[in-house]
Amino acid sequence: MQRLSAKNKAVGKTIGLVPTMGYLHAGHLSLVKKSKEKADITVVSIFVNPTQFAPNEDLLKYPRDIVHDKKLLKKAGVDYVFIPSVEEIYPKGFQTFVEVDKITRHFEGEFRPIHFKGVTTIVSILFNIVRPDYAFFGQKDAQQAAIIKRMVKDLKMDLEIIVCPIIREQDGLAKSSRNIYLSVQERKDALVLSRSLKTAQRLIKEDTKSATAIINKMKEEISSVSTSKLDYIKIVDKEKFEEAGSLSVGKKYYILIACKFGKTRLIDNILIKT
Ligand code: AMP
């Protein structure tokens, strides 16, 4: 992969990287499409990264279907699919990690304490191998995208991070490889996430400024669904990812939700412009 990237860069081609954990869906493919528009060469990596899963999480049962993924990527016109092994990425003796500090402590970081350290480490390794000019991430993982932008800025990495909108099912559920874990009932119940984000959007349009008022209304809606168990709802400003008490006019915020349905933990969010 390093040789292929060097070869392409030597003839002046730009490279776009789409890092994924596979089991691809239309959300991933939307990132591929953006990369193909922006860069000369598109590389998709597929790597279920063990260092971002805690021992109690779903590393072993994370869904995988490399054959189907390759078919989808071929059809999408991707130039290279990079599928390294765990041993190649983390050989014996590996001991170097990349960690972003403050922005990783809250929200997802509170519920998944080692997660972001694993993410920033693998993303740095992938950047070093592929040497992309652009890397594409989904707003679906809004905190992850903000952390990666911070890392790129702080470590003076020479590439541009492009964040792409959330792709949803027709009924509003954000596409996720983990949606297949949901039972029929949980799948129905999970629609409450996008519904409650719509409620929040409406309240803000009607001039509600208090984050607590918005969050309470959303909590009410989510708790009315029997299989839900909420981890958090937070309203944060788009750039710094700091919690907002009251919303100011002309600013952008994310409303973030993490919620379990049965054993499946889902995240969703919406970008609000006040
Ligand atoms: P994953 O394979 O889940 O690690 O995701 C790989 C990339 O795809 C990440 O940048 C995600 O944010 C992005 N992604 C996942 N789901 C969606 C979605 N529904 N819409 C847009 N991007 C997504």
Side-chain angles (χ1 to χ4, degrees), residues 16-38 42-54 57-59 61-66 68-70 72-73 76 78 81-84 86 89 107-108 112 115-127 130 132 134-152 159-182 187 190-191 193-194 197 238 241 254 256-259 264-271:
L17 171 65
V18 180
T20 81
M21 298 206 298
Y23 210 71
L24 303 177
H25 51 66
H28 300 111
L29 296 177
S30 74
L31 308 186
V32 169
K33 187 161 175 265
K34 284 272 162 60
S35 175
K36 284 186 52 89
E37 282 162 17
K38 185 102 184 156
T42 291
V43 178
V44 175
S45 61
I46 300 178
F47 184 66
V48 182
N49 176 39
T51 61
Q52 71 189 65
F53 288 79
E57 292 182 345
D58 56 343
L59 172 64
K61 69 166 192 158
Y62 195 84
R64 296 160 211 244
D65 190 346
I66 289 288
H68 188 239
D69 287 350
K70 281 188 188 164
L72 289 177
L73 294 175
V78 161
V81 186
F82 178 47
I83 314 175
V86 173
I89 296 294
F107 323 124
E108 281 304 278
R112 307 184 72 190
H115 177 66
F116 287 126
K117 183 176 167 185
V119 169
T120 43
T121 300
I122 185 60
V123 168
S124 302
I125 294 169
L126 291 171
F127 286 175
V130 178
Y134 312 100
F136 298 81
F137 293 87
Q139 184 202 309
K140 167 78 175 18
D141 300 274
Q143 190 178 4
Q144 167 177 280
I147 288 166
I148 287 163
K149 277 189 168 176
R150 187 74 250 173
M151 173 185 81
V152 164
L159 80 161
E160 188 185 336
I161 301 300
I162 295 164
V163 182
C164 307
I166 300 178
I167 303 298
R168 298 178 180 280
E169 304 286 355
Q170 273 200 338
D171 59 11
L173 183 69
K175 295 225 181 216
S176 165
S177 310
R178 289 189 167 100
N179 288 348
I180 58 147
Y181 297 153
L182 297 166
R187 171 72 181 72
L191 291 177
L193 298 185
S194 53
L197 289 168
K238 178 176 176 261
F241 246 78
Y254 282 119
L256 310 169
I257 311 182
C259 186
T264 304
R265 187 171 183 279
L266 300 181
I267 57 172
D268 199 352
N269 70 77
I270 193 170
L271 181 62

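Both ligands and their constituent atoms are indexed starting at 1 by order of listing. None of these values were measured; they are calculated from a predicted model. Note that the numbering runs from 1 along the sequence shown for the chain.
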Within the 4.0 Å heavy-atom shell around Phe137, which atoms of ligand 1 are there?
10 (O)
Give yes or no for whether the N/O distance cutoff of 3.5 Å, strictly under, is met between Ile167 and ligand 1.
yes
Measure the CG-CG distance between Asp141 and Leu256 for me, rounded to the nearest 0.5 Å.
11.0 Å
Which protein non-hydrogen atom lies closest to atom 11 (C) of ligand 1, naming both residue and atom, and how far is it?
Asp141 OD2, 3.1 Å
Can Arg168 be said to touch ligand 1, with heavy atoms closer than 4.0 Å?
no
Whether Ala26 lies under 4.0 Å from ligand 1, heavy atom
no
Does Tyr254 have its ring centroid less than 6.0 Å away from the ring centroid of Phe241?
yes
Using distance alone, decide if ligand 1 has a nitrogen or oxygen within less than 3.5 Å of any nitrogen or oxygen in His28.
yes
Need the ligand 1 atom indices (1-based, order shown) with element for anything under 4.0 Å from a heavy-atom of Thr20.
2 (O), 6 (C)
So that I can tick it off, tell me whether Asp268 and Arg168 are bridged by a salt bridge, with the cut-off set at under 4.0 angstrom between side-chain N and carboxylate O.
yes
Exactly one of Asn179, Asp171, Thr264 should register a side chain to side chain donor-acceptor pair (under 3.5 Å) with Arg187. Which one does?
Asp171
Give the residue, atom name and distance (to 0.1 Å) of the protein heavy atom nearest atom 14 (N) of ligand 1.
Lys140 CB, 4.3 Å
What do the steps show when you test Ser177 against His28 for side-chain contact (heavy atoms from CB on, under 4.5 Å), and what is the final call?
CA-CA 10 Å; Ser177 310; His28 300 111; 3.6 Å; yes
Using a 4.0 Å heavy-atom cut-off, say whether His25 meets ligand 1 through its side chain, its backbone, both or neither.
side chain
Number the atoms of ligand 1 from 1 as they appear, then name those within less than 4.0 Å of a heavy atom of Ile166, with their elements.
20 (N), 21 (C)
Can you tell which part of Pro19 has a heavy atom less than 4.0 Å from ligand 1: side chain, backbone, both or neither?
backbone
Determine whether a donor-acceptor pair (N or O, by modelled atom type, separation under 3.5 Å) exists between the side chain of Asp58 and the backbone of Lys61.
no
Is Lys34 positioned over the aromatic face of Tyr134, cation under 6.0 angstrom from the ring centre and no more than 45 degrees off axis?
no
Which bit of Leu31 gets closer than 4.0 Å to ligand 1, counting heavy atoms only: side chain, backbone, both or neither?
side chain
Nearest to atom 4 (O) of ligand 1, what protein heavy atom do you find, and at what distance?
Met21 CG, 3.5 Å
Element-labelled atoms of ligand 1 that are located less than 4.0 Å from some non-hydrogen atom of Lys175:
16 (N), 17 (C), 18 (C), 19 (N)
Tell me, with the steps shown, if Glu108 and Arg265 meet salt bridge (Lys or Arg N to Asp or Glu O under 4.0 Å).
CA-CA 11 Å; Glu108 281 304 278; Arg265 187 171 183 279; 2.9 Å; yes
Nitrogen or oxygen of Cys164 less than 3.5 angstrom from that of ligand 1
no
Quick check for you: to the nearest 0.5 Å, what is the distance between Ser45 atom OG and Ile122 atom CD1?
7.5 Å
Side chain, backbone, both or neither: which applies to Pro165 and ligand 1 if a contact is any heavy-atom pair less than 4.0 Å apart?
backbone
If the plane angle is over 60° it's perpendicular, under 30° parallel, otherwise tilted; pick one for Phe137 and Phe127.
perpendicular
Where do Glu57 and Arg112 land on the salt bridge (Lys or Arg N to Asp or Glu O under 4.0 Å) test, with the steps shown first?
CA-CA 9 Å; Glu57 292 182 345; Arg112 307 184 72 190; 2.8 Å; yes
Protein residue, atom and distance nearest to atom 22 (N) of ligand 1, heavy-atom basis
Gly138 CA, 3.6 Å
